[in-house]
Number of protein chains: 2
Amino acid sequence: MPKRPPASSAAHPDADPARSPSRPAGAPPQGAQTLLRGLDVLEAVAAGIGDLPGLSSRLGMTRTTVHRLATALVDRRYLNFVPRQGYSLGPRLMELGFRAQRDMPVRQAASQHLKRLAERTQDTVQLAMLDGDEVLYLDKVSGQRLFEIRSTIGDRHAVCSTGLGKALVLDMDEARWNAFFDLREPGNASPLAPTREEWLGRMRAYAAAGVAFDLEETEAQLRCVAVPIRDASGAIVAAVSVSSFAQYMQPERMQELSSEVRRTAQAIGEALGWRGPRS
Amino acid sequence: MPKRPPASSAAHPDADPARSPSRPAGAPPQGAQTLLRGLDVLEAVAAGIGDLPGLSSRLGMTRTTVHRLATALVDRRYLNFVPRQGYSLGPRLMELGFRAQRDMPVRQAASQHLKRLAERTQDTVQLAMLDGDEVLYLDKVSGQRLFEIRSTIGDRHAVCSTGLGKALVLDMDEARWNAFFDLREPGNASPLAPTREEWLGRMRAYAAAGVAFDLEETEAQLRCVAVPIRDASGAIVAAVSVSSFAQYMQPERMQELSSEVRRTAQAIGEALGWRGPRS
DNA sequence: AATGAAGTCCCAATATATGGGATTTCCAAA
DNA sequence: TTTGGAAATCCCATATATTGGGACTTCATT
């Protein structure tokens, strides 16, 4: 009698193409259906669906159910509801999100180092981690140049699209690299976008050097130098990068920056208990 | 061993000192217990409780229940779990939080205006809204001065403690003002903190002028000028402020800033559909 | 005034969450 | 290394919280 039409497990508003590396699948945690559905509602609203019929058809739940969950979320200020306009993300979510960012251990350890690096290089410095199969931006210190590099804390990007992404997966094997290449962002038609073989070749070189570059592969004129950060276990937990426009990023400067950024990454790693290349 | 961490300001699902203005109470929305409990877990973690026994005693749920909910939240990346350390806020929360901030209509409408105001005044400009009984900071543009005003997007403060708070409640009646005075932050022992009567008197003057000040009432040397922002309905939906240290905030300058900030608030209001003082 | 779409409310049926307790894991002291 | 104990995880019968069909209420538009 209860409908069992679609989605038993996930109802991801963004249709995550590859959820594999996280869990063996087939094991959607049980005993929290209502919570999970509530989160689905939250995420659908984040994806821009603001009306009840839209949510219920998108999520495969009845209007009644969505309404009940959304009402609870509004009551707790996780969502706003404006009669004629629909639902939107609420202030409590904002509050918790900023707290999450502030409390992120890597971010705390990195904060001063990032500022210092930005001062020294005059360029935009960024910190990111891997979340799922994507790069999640944790922090950013804008440089002193006349332009602004457009990216925002909390944004996500495909691993291939950025120097940070490459730095984050430097330790993985070629099979994984291949998988990430398959996940590259669709709209990316940059003339300098590498073929699969070129990309793998560069990754090998980056892995050997412990530094990754991005050479206008995604965005024309935009280059960056990124280095992984390791914690006490030696695993890569984040990455720092310096980005700038091509005119400031000639090959020699990228070399210089490599050492500079590497020093920063090392300092941050040490704050996290990393003991250096040898242990 | 129920640890009793300071559990400072935030997120008490039940201990909220004044939940009155939102709903008559006694009407916790029904049919979403599991979702609500899940959010309780989220908020308890945000308040710094990271272990299962702590959470279960704090929230009055069995270990089993907390574990089940927390596992679901970890699975969705709303929480992190590190074996020896416990739970912490997860990356998805950060992502949604930043998106919530970015999508907040007032913030979008205000963004450029805030930057312009910060350039003109050289001082720190902030944007806030009322959330529940507290002031929630929505945006901040740092000034060019040598010092930095410490406050963070996503933070909350008591209405009395800030110029922004006062600006946000300028339209309310004296009964409400009194209630807010009762909610002032406990630790505030500033020598310049006003008595109840002084505070009400000032509020009357601010309401008449349409501008609110903060004269080192909370933090020594810190002064600010704040003006409410109105939307199409004429209601106060947010407030802008310029803050600086006392040496830059002599009476004449505060007068000049009043007009400047008022102009900014007006421009933002117009972007939200406000039609000016008369309608 | 009529129409229709979105949002809200109610209630019986049952799928779903609950918590007691057993079991495993892991650290720290002996 | 062994042992003790605390935290985390798992299991399952029970009862309760959630579900969804359907009816009702707004409210904007025709």
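Throughout, protein chains are lettered first and strands after them, A, B, ... in sequence-line order, and every chain is numbered starting at 1.
- Rounded to whole Å, atom C1' of C:dC10 lies 13 Å from atom NE2 of A:His67.
- In this structure, A:Leu52 atom CG and C:dC9 atom C1' are separated by 13 Å, rounded to whole Å.
- Each of C:dT8, D:dT9, D:dT19 was ranked by its minimum atom distance to the side chain of A:Thr65; first place goes to D:dT19.
- Using a 30° and 60° split on the angle between ring planes, B:Tyr137 and B:His157 fall in the perpendicular class, above 60°.
- One atom, CG of A:Leu69, and another, C1' of D:dT18, lie 9 Å apart when rounded to the nearest Å.
- In this structure, B:Glu95 CD and B:Tyr78 OH are separated by 8.5 Å, a value rounded to the nearest 0.5 Å.
- When heavy atoms are screened at a 4.0 angstrom cut-off, A:Thr64 is found touching base atoms of the nucleic acid.
- One atom, CE of A:Met61, and another, C1' of C:dA15, lie 16 Å apart when rounded to the nearest Å.
- The listed nucleotides are C:dA17, D:dT9, D:dG21; the one nearest the side chain of A:Thr62 is D:dG21.
- Separating the CZ atom of B:Arg63 from the P atom of C:dA22 is a distance of 12 Å, rounded to the nearest angstrom.
- Checking D:dT9, C:dT8, D:dT18 against the side-chain heavy atoms of B:Gln33 singles out D:dT18 as nearest.
- Looking at B:Asp171 and B:Arg176, no side-chain N of the basic residue comes within less than 4.0 Å of a carboxylate O on the acidic one, giving no salt bridge.
- Heavy-atom minimum distance, A:Gly38 versus A:Leu69: N-CD1, 3.9 Å.
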Which atom pairs link the protein and nucleotides 25-30 of chain C when you take only N or O atoms and keep those under 3.5 Å?
none

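- The listed nucleotides are D:dC10, D:dT18, C:dT8; the one nearest the side chain of A:Phe81 is C:dT8.
- Nearest heavy atoms, A:Arg230 versus A:Ile236: NH1-CG1, 3.6 Å.
- The CG-C1' distance, from A:Asn80 to C:dG7, rounds to 17 Å in whole Å.
- The A:Arg37 side chain lies nearest to D:dG20 when the options are C:dT8, D:dT18, D:dG20.
- Considering all non-hydrogen atoms of both residues, B:Leu168 and B:Ala238 come closest at CD2-C, 3.3 Å.
- Rounded to whole Å, atom P of C:dC10 lies 13 Å from atom CZ of A:Arg68.
- The side chain of B:Thr34 lies closest to C:dA17 when the candidates are C:dA17, C:dG7, D:dT9.
- Applying the 6.0 Å contact sphere to CZ of A:Arg63 captures no more than 12 heavy atoms from other residues, nucleotides or ligands.
- To the nearest angstrom, C1' of C:dG7 lies 12 Å from CG of A:Leu55.
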